[in-house]
Amino acid sequence: MTTKRRIGILTGGGDVPGLNAVIKGVVYQTTGMGYEVLGIRRGWEGLTHLQFGTDSAAAYLCALDRNNTRDIDRTGGTMLHTTRTNPRKMREGGLPKHMPAHQLESMQVAEGVFDLTPLVMENIEHLELDYLIAIGGDDTLSFAKVLDSKGVPVIAIPKTMDNDVQGTEYCIGFSTAISRAKEAITRQRSTLASHERIGIFRIFGRDAGFTALYAALVTSGRCVVPEVEFSLDHLIEILMEDKRNDPSKYSFVIASEGAAWHGHSVSEYGEADAYGHRKKVDIGRALGEQIHRRTGEEIITSDLTYDLRSGEPDAIDQIAAITFANVAVDLIRESISGRMIAIQDGKYTHIEIPDSRMGARKLDIPRMYNTTRYRPHYAGKLGAPMLLTSVVK
């Protein structure tokens, strides 16, 4: 038996800037309290595919201390690596190869689908974890909710560039995404202006338009979001009006990947991932083709998705990541579990880990979005938090 208390920490889903700052913050605070910190690599896969006494143990486990985390906060990505593994819906081709057939048979829940939650529970017990910290978006945290319901002491930390996790106004990665989008759009304005073209910038946001809305806010741009179907004819009118009125004769719109116009749905393609998501057809190209066909205008489309998640975090994400880590440690110090670190009304807090059946958090359309002009509302901000004006829904 271990003589020290032990904390496990993992990152799941897509990477965002700021994950390493969370990991370092947890390590620095908890090791000072006498804990051991065990990094679990490749997200939930680290707890489904781990085989003790083999090389896979070293591949999936990493002892963390102040030496090997000293400078990780200066870089992007996650030192623990990540996957989109969903232990509750493992497909036959992705199962751990070392599991005996009789054990797998007991975990089969549908044809070719297996729930490996019991195996995860066994591995957590074998690792003698006193706490588990899961950093992720709504998909990753949905399994943290499952573990909480089974008595595992777990703390959740939200991250996603979409900023759409229920119960919190802020998720790690969001500010850097907006900062990068602003920089990219500002650079590309010169090309749009030089060629007098209409620009379409595709940005993250399957189900919620926070990224598109705030990118539009800081670039004085138009945007279309998943929460509201837009009129294609009206959007074209506005973009043509903007182009005529601009001294350099260009205009642009920022499109969430899940946005759609009246009478058109965003098609999906490819095999669904472990959480049931399929890739969206590129709304930027589809919208650009329609605008060109109807107006004859030359279009430049730009995909601002994956470039926004790369590299080191900006100052806001660094601050949020460090503070989220320290609030998580505060909860551990108080023997509190089953909570997610959050920001509500502009203040740090913690809440019950959200139920995944609630779906993504959405824009408060009446307060935040002008559905006629396809842009953020700029008025009525008195009394709102300095950085974010959303409400928890």
Side-chain angles (χ1 to χ4, degrees), residues 8-15 38-62 77-78 80-127 129 132 134-152 154 156 159-160 162 165 206-207 257-258 266-281 306 309 353-360:
I9 186 168
L10 61 82
T11 54
D15 67 302
L38 188 64
I40 299 166
R41 299 183 71 251
R42 297 181 60 80
W44 294 121
E45 182 184 311
L47 291 172
T48 57
H49 286 59
L50 176 63
Q51 185 179 14
F52 295 99
T54 68
D55 290 341
S56 76
Y60 285 116
L61 301 176
C62 174
T78 166
L80 295 177
H81 298 194
T82 184
T83 63
R84 297 187 185 277
T85 302
N86 182 357
R88 299 185 76 190
K89 294 182 179 179
M90 296 287 292
R91 297 199 174 274
E92 200 161 4
L95 292 170
K97 299 192 185 317
H98 65 272
M99 288 188 68
H102 71 274
Q103 188 178 11
L104 284 174
E105 185 178 345
S106 68
M107 298 180 186
Q108 186 167 355
V109 293
E111 184 66 31
V113 181
F114 300 78
D115 182 355
L116 301 192
T117 302
L119 177 62
V120 172
M121 298 286 291
E122 288 178 15
N123 287 335
I124 289 174
E125 183 177 1
H126 194 283
L127 291 170
L129 298 182
L132 177 63
I135 313 166
D138 50 2
D139 291 335
T140 298
L141 300 188
S142 68
F143 189 68
K145 180 76 170 178
V146 171
L147 294 180
D148 172 54
S149 71
K150 295 183 177 299
V152 175
V154 60
K159 66 86 201 163
T160 170
D162 293 358
V165 174
R206 287 183 61 91
D207 304 303
E257 60 181 318
V266 182
S267 301
E268 298 180 337
Y269 66 95
E271 186 177 351
D273 67 15
Y275 292 92
H277 305 309
R278 299 172 66 203
K279 292 182 178 180
K280 299 275 190 185
V281 170
Y306 286 95
R309 70 160 81 249
I353 300 174
D355 190 324
S356 61
R357 291 173 294 185
M358 297 171 67

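In what follows, residues are counted from 1 in the order of the sequence shown.
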query = Residues in salt bridge (charged side-chain N to carboxylate O under 4.0 Å, His left out) with R41, at least two apart?
reply =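 In terms of salt bridge (charged side-chain N to carboxylate O under 4.0 Å, His left out), with neighbours along the sequence ignored, R41 is linked to no residue.
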Hey, what do you get for [atom1] ([X]) to [atom2] ([Y]), rounding to the nearest 0.5 Å?
X   : Y   : atom1 : atom2 : answer
R42 : H81 : CZ    : NE2   : 8.5 Å
L38 : L10 : CG    : CG    : 10.5 Å
L80 : L61 : CG    : CG    : 10.5 Å
L95 : T48 : CG    : OG1   : 9.0 Å

Taking only residues two or more places apart in sequence, or in another chain, which ones meet [X] in a side chain to side chain contact (heavy atoms under 4.5 Å, CB included)?
X    : result
T54  : Q51, S56
T117 : R88, D115, M121, F143, V146, K150
E122 : Q103, L119
T160 : D162, D164, V165, C171

Keeping [X] on the side-chain end and [Y] on the backbone end, is there a donor-acceptor pair under 3.5 Å?
X    : Y    : answer
H49  : G94  : yes
K145 : I353 : yes
T82  : G13  : yes

request  = Apply side chain to side chain contact (heavy atoms under 4.5 Å, CB included) to the pair V120 and V152, showing each step before the final yes or no.
outcome  = CA-CA 11 Å; V120 172; V152 175; over 6 Å; no
Least distance between heavy atoms, [X] atom then [Y] atom:
X    : Y    : result
L50  : N123 : O-ND2, 4.1 Å
E45  : Y60  : OE2-OH, 2.5 Å
I40  : G8   : CD1-CA, 4.3 Å
L141 : A156 : CD2-CB, 3.7 Å
A144 : W44  : N-CZ2, 3.8 Å
I135 : K159 : CG2-CG, 4.0 Å

ask   = Do the non-hydrogen side-chain atoms of V113 and R91 ever get within less than 4.5 Å of each other?
value =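 Yes, at least one pair of side-chain atoms sits under 4.5 Å.
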message = I want to check something: taking the side chain as every heavy atom from C-beta on, are L47 and L127 in contact at a cut-off of under 4.5 Å?
response =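 In contact.
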request  = Kindly indicate, with the supporting measurements, whether the criterion side chain to side chain donor-acceptor pair (under 3.5 Å) is fulfilled by T11 and T78.
outcome  = CA-CA 7 Å; T11 54; T78 166; 2.9 Å; yes
inquiry  = Could you work out, with ring pair (Phe, Tyr, Trp, His ring centres under 6.0 Å) as the rule, every residue matching H126, not counting sequence neighbours?
reply    =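 By the ring pair (Phe, Tyr, Trp, His ring centres under 6.0 Å) rule, H126 matches F52.
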task = Go through M107 and M90 one step at a time and tell me if the side chain to side chain contact (heavy atoms under 4.5 Å, CB included) criterion holds.
result = CA-CA 10 Å; M107 298 180 186; M90 296 287 292; over 6 Å; no
